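A quick note: this is a predicted structure, and the numbers were derived from the prediction, not measured.
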Amino acid sequence: MKNYLQKITTGTSILLLGAGIGVGVNYLMNTPQIFARTNDNSIFSSKDDIARLPGIEANGDINFVTKVVQEVGPAVVRINAQRTVASNGNIPPMFNDPFFRQFFGNQIPQMPQEEIQQGTGSGFIISDDGKILTNAHVVEGATQVTVNLKDGRVLEGKVLGTDPLTDLAVIKIEAENLPIALLGNSDELVIGEWAIAIGNPLGLDNTVTTGIISATGRSSSQIGVGDKRLDFIQTDAAINPGNSGGPLLNAKGEVIAINTAIIKNAQGLGFAIPINRAAEIAEKLITEGKVDHPYLGISMVSLNEQTKQQLNKNEGFNLTNEEGVLIVKIMPDSPAAKAGLQSGDIIQGIEGEAIKEPSQVQKKVESKDVGSDLTLELRRQQKDLKIPVTLGVLPTQSQQR
């Protein structure tokens, strides 16, 4: 059975609860407009018609996007991160060429042991004393961070904390009375409402793009970043490299999400971290410098009809109407292992809630505190079981190896 379980995970989204970067990219989409022609071929019959258009004031002077940019733009910053990384030390092939060797002989140039890498991203100020929220991958491994304000100042930044699992980080600059971006409520988003992105894509500072909220609740496995513990907001507002960490705003100028990722090779699909979740993580990073995530320690896959047919055929199962999530692997010395969970167990419920997708398990685990119990309702070899698991602390990547 072990070989088969490994096989069915190929090409299937596997969620590993206990794995420890999102790339801030998406695409250009013009602001939606609504037009109506009258019989005299004019686009608008009156100023009242203009006033009724989304984002157009009664006097036709300014739209809501301009207002949002004027109010929030000064709080959006450019983040420059410098990293010192080890060089591979390899000598370029050209120096092995006999033509070059007649000049250099044995005096082959030595390659540097370290090299400097530069990266750029976006962020936004969340407190007037200089705290800035951005993506963790923007500052990952940075040895030096500088922050460019819209007023032209360039200030040194200090990383207060990062959380790779949610791709969030908080930076601090020494300044006072700074403009701030007000946070909205991402739980109240409505599909189809306006979305405005401000950031520094492709080195083009203070770029503004617009679109709509295309969807909410996209799981990390759906968008190809299954090692993250997040649901994402989907938008068609254009986001490109360099937008990472910048704000996604609603029509009132409130931050509703942080731009971070796309599905590779997709067009017009960008994703952002809901601000309610981001605010929770930011508070912990500011006060503690890190975030302890609850840890179960399993790898799993959805139990669909195709999976059941293959298990019945190849592994001697007798699955008919069972629904749930199949446990593929148990991490060694994990809470799941200590509780006696086994590969091949089917999670059918957690604390009374029916389970059909791995993302449901992920949400249940993340909703609990480290050290609390989570009762799993399992199906094992035609038997129904209830097994409590005491959640541990998610190991760091180095501890998982």
Side-chain angles (χ1 to χ4, degrees), residues 24 28 31 55 57 61-83 116 118-140 142-162 168-184 194-210 237-260 272-273 275 278-279 282-283 285-286:
L28 183 63
T31 305
E57 299 295 331
D61 288 342
I62 188 172
N63 63 34
F64 75 100
V65 176
T66 303
K67 285 186 175 182
V68 167
V69 174
Q70 290 174 346
E71 292 173 1
V72 185
V76 181
V77 302
R78 175 175 178 170
I79 299 171
N80 303 297
Q82 179 176 292
R83 303 169 178 85
I116 304 298
Q118 304 282 349
T120 300
S122 304
F124 54 95
I125 304 169
I126 57 176
S127 68
D128 60 7
D129 65 347
K131 296 183 183 70
I132 297 169
L133 189 55
T134 186
N135 282 148
H137 74 261
V138 171
V139 296
E140 181 185 22
T143 53
Q144 181 180 352
V145 175
T146 57
V147 176
N148 293 49
L149 304 181
K150 192 175 181 182
D151 62 15
R153 284 182 289 174
V154 179
L155 303 174
E156 183 178 353
K158 176 184 178 182
V159 178
L160 296 182
T162 64
L168 293 167
V170 176
I171 298 171
K172 177 72 167 62
I173 56 176
E174 294 301 324
E176 297 180 351
N177 301 317
L178 292 169
I180 64 172
L182 298 178
L183 307 187
W194 291 94
I196 305 166
I198 305 179
N200 310 294
L202 305 172
L204 304 172
D205 289 351
N206 306 311
T207 295
V208 180
T209 56
T210 63
I239 306 169
N240 291 281
N243 269 114
S244 293
L248 189 68
L249 307 157
N250 62 17
K252 295 185 289 186
E254 299 169 331
V255 181
I256 51 176
I258 301 175
N259 302 315
T260 188
I273 302 168
I275 196 58
E283 183 177 356
L285 292 176
I286 292 169

Give, for atom [atom1] of [X] and atom [atom2] of [Y], the distance between the pair rounded to the nearest 0.5 Å.
X: R153; Y: T146; atom1: CZ; atom2: OG1; value: 14.5 Å
X: I273; Y: I256; atom1: CD1; atom2: CD1; value: 13.5 Å
X: I173; Y: K158; atom1: CD1; atom2: NZ; value: 14.0 Å
X: L149; Y: L155; atom1: CG; atom2: CG; value: 5.0 Å
X: S244; Y: N259; atom1: OG; atom2: CG; value: 8.0 Å
X: L178; Y: D128; atom1: CG; atom2: CG; value: 7.0 Å

Answer whether the closest heavy-atom distance between the side chains of [X] and [Y] falls below 4.5 Å.
X: F124; Y: V255; value: yes
X: V145; Y: E156; value: no
X: N206; Y: I198; value: no
X: K131; Y: I286; value: yes
X: N80; Y: R78; value: yes

Taking all heavy atoms of [X] and all of [Y], pick out the closest pair and write down the distance.
X: A169; Y: V139; result: CB-CG2, 3.9 Å
X: L168; Y: A278; result: CD1-CA, 3.6 Å
X: L248; Y: A195; result: CD1-CB, 3.9 Å
X: P179; Y: A75; result: O-CB, 3.6 Å

Side chains of N148 and D205: donor-acceptor distance under 3.5 Å anywhere? no
Verify the distance criterion only: is there a donor paired with an acceptor across the side chains of N200 and S122 at less than 3.5 Å? yes
In sequence, state the C-alpha distance, the side-chain angles, and the governing distance for H137 and T260, and then conclude on side chain to side chain contact (heavy atoms under 4.5 Å, CB included). CA-CA 9 Å; H137 74 261; T260 188; 4.0 Å; yes
With distance as the sole test, does [X] use its side chain to make a donor-acceptor pair with the main-chain N or O of [Y] at under 3.5 Å?
X: R83; Y: Q118; answer: no
X: T134; Y: G123; answer: no
X: N250; Y: K252; answer: yes

Exactly one of L160, I79, V138, T162 should register a side chain to side chain contact (heavy atoms under 4.5 Å, CB included) with I171. Which one does? I79
Let's go through V208 and V68 carefully: what are the C-alpha distance in whole Å and the side-chain angles of both, what is the deciding distance for side chain to side chain contact (heavy atoms under 4.5 Å, CB included) to 0.1 Å, and is it a yes or a no? CA-CA 10 Å; V208 180; V68 167; over 6 Å; no
Going through the checks in order, is the side chain to side chain contact (heavy atoms under 4.5 Å, CB included) test met by L133 and I258? CA-CA 9 Å; L133 189 55; I258 301 175; 3.3 Å; yes
